[in-house]
Amino acid sequence: MRRGRRIAAEAALLAAVGAFMGAIGPYDTDGLPTGPRFLYWLICIIGGGVIGIAIDELAGRRLAPLWWRLLAVSILMTPGVTLLVDATGHWLGGHPLSLAHWLHNLGHVFVISLPVMTVRALAWRRPRREVETVTLVAPPLPEAEAAFRRRLSAKRRTARLIAIEAHDHYLRVHTGEGVELLTMRFADAMAELAQAHGHRLHRSWWAAADAIEAIRWRRGGAGEARLAGGLTAPVSRAQAPALKAAGWF
């Protein structure tokens, strides 16, 4: 059912663009009678759109970012759409069919194909979602962090634990009382904090659950977390499912 609605919406969008082109009659088509002119543009836009959508579904989705994808799809679809345009013009207006005429129309077709595919892409593009709500979690049990906290200086041993960042053979521990460096493997720190209320964000980042303020997700599944104290940390695709399961959609 959802696929059927998507196809209907695609067709309606292309038909609307075709009707608009028929109304303004660009590229000397204003000399055609009203009926043939609208039919010409509906065939060209809807037919050309189908060609472009097929190319986009087969090859375009492998390209990123979006603007490179739109440019590549528009270039790839132009030769085939130009053939359709020439055939439709020959049928409705008696325009000649020749290589020279096809080459002449390539530029015109590309100029129309790019904005049409852009409008389609923007219509279906999902906006980036940023979670601004704070997940309420129970305060961490003292014993869950006790072993790790004993490694910190007296000043930071009882401070709020915000995040841990791995750098080669040492850790940068972010707390409410500033940053402290520890000579320790990240894997050993994760073992000591296994029962603490926190999340692994990346292969080199861990954050306390109540220190995560927002996560902005990117295309491809990765993201960026905003933490307490003005920190930002990368979120890897591998850790994304656990964070989303915790409520950070």
Would you find more than 12 non-hydrogen atoms of other residues, nucleotides or ligands less than 6.0 Å from His169 atom NE2?
-> no
Please say whether more than 12 non-hydrogen atoms of neighbouring residues, nucleotides or ligands are located less than 6.0 Å from CZ in Phe20.
->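 At most 12 heavy atoms, drawn from other residues, nucleotides or ligands, come within 6.0 Å of this atom.
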Is there a path of hydrophobic side-chain contacts, each under 4.5 Å between heavy atoms, that joins [X] and [Y]?
{"X": "Leu182", "Y": "Tyr170", "result": "no"}
{"X": "Val173", "Y": "Val179", "result": "no"}
{"X": "Leu99", "Y": "Leu106", "result": "yes"}
{"X": "Leu39", "Y": "Ile112", "result": "yes"}
{"X": "Val17", "Y": "Val50", "result": "no"}

Donor-acceptor pair, distance only, cut-off 3.5 Å: does the side chain of [X] make one with the backbone of [Y]?
{"X": "Arg200", "Y": "Ala207", "answer": "no"}
{"X": "Arg149", "Y": "Arg157", "answer": "yes"}
{"X": "Arg172", "Y": "Leu181", "answer": "no"}
{"X": "Arg37", "Y": "Leu32", "answer": "yes"}
{"X": "Arg226", "Y": "Thr232", "answer": "no"}
{"X": "His90", "Y": "His95", "answer": "yes"}
{"X": "Trp206", "Y": "Phe186", "answer": "no"}

Please examine the side chains of [Y] and [X], heavy atoms only from C-beta on, and report whether any two atoms are closer than 4.5 Å.
{"X": "Leu193", "Y": "Ile164", "answer": "yes"}
{"X": "Leu14", "Y": "Leu42", "answer": "no"}
{"X": "Ile45", "Y": "Tyr40", "answer": "no"}
{"X": "Thr175", "Y": "Ile162", "answer": "no"}
{"X": "Val81", "Y": "Phe110", "answer": "no"}
{"X": "Val119", "Y": "Leu13", "answer": "yes"}
{"X": "Phe148", "Y": "Asp188", "answer": "no"}
{"X": "Arg185", "Y": "Leu171", "answer": "no"}

Where do Ile212 and Leu201 land on the side chain to side chain contact (heavy atoms under 4.5 Å, CB included) test, with the steps shown first?
-> CA-CA 10 Å; Ile212 302 175; Leu201 304 178; 4.2 Å; yes
Using 0.5 Å steps for rounding, measure from the [atom1] atom of [X] to the [atom2] atom of [Y].
{"X": "Leu114", "Y": "Thr78", "atom1": "CG", "atom2": "OG1", "result": "8.5 Å"}
{"X": "Met117", "Y": "Arg69", "atom1": "CE", "atom2": "CZ", "result": "8.0 Å"}
{"X": "Ser236", "Y": "Arg203", "atom1": "OG", "atom2": "CZ", "result": "9.0 Å"}
{"X": "Thr82", "Y": "Leu103", "atom1": "OG1", "atom2": "CG", "result": "9.0 Å"}
{"X": "Ile51", "Y": "Ser113", "atom1": "CD1", "atom2": "OG", "result": "9.0 Å"}
{"X": "Ile43", "Y": "Leu92", "atom1": "CD1", "atom2": "CG", "result": "5.5 Å"}

Parallel, tilted or perpendicular for Tyr27 and His108, by the 30°/60° rule?
-> parallel
Which atoms form the tightest heavy-atom contact between [X] and [Y], and what is the distance?
{"X": "Arg237", "Y": "Ala222", "result": "CG-N, 3.4 Å"}
{"X": "Trp217", "Y": "Ala240", "result": "CZ3-CB, 3.5 Å"}
{"X": "Met21", "Y": "Pro26", "result": "O-CD, 3.2 Å"}
{"X": "Leu227", "Y": "Ala163", "result": "CD1-CB, 3.9 Å"}
{"X": "Leu70", "Y": "Ser74", "result": "O-OG, 2.8 Å"}
{"X": "Cys44", "Y": "Val85", "result": "SG-CG2, 3.9 Å"}

Derivation and outcome, side chain to side chain contact (heavy atoms under 4.5 Å, CB included), residues Arg120 and Ile53 | CA-CA 9 Å; Arg120 173 186 175 263; Ile53 291 169; 3.3 Å; yes
For the rings on Trp205 and His199, is their centre-to-centre separation under 6.0 Å?
-> no
Is it true that the side chains of His202 and Gln239 contain a donor and an acceptor less than 3.5 Å apart?
-> no
Do Ser153 and Glu180 have a side chain donor and acceptor closer than 3.5 Å?
->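 Checked: Ser153/Glu180 side chains pair up, N/O donor to acceptor below 3.5 Å.
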Met184 and Glu192: CA distance, side-chain angles, deciding distance, side chain to side chain contact (heavy atoms under 4.5 Å, CB included) verdict = CA-CA 11 Å; Met184 184 181 187; Glu192 291 189 357; 3.7 Å; yes
If you measure from the Lys or Arg side-chain nitrogens to the Asp or Glu carboxylate oxygens, is any gap between Glu177 and Arg160 under 4.0 Å?
-> no
Apply the test side chain to side chain contact (heavy atoms under 4.5 Å, CB included) to residues Val109 and Trp102: give CA-CA distance (whole Å), side-chain angles for both, the deciding distance (0.1 Å), then the verdict.
-> CA-CA 10 Å; Val109 170; Trp102 179 79; over 6 Å; no
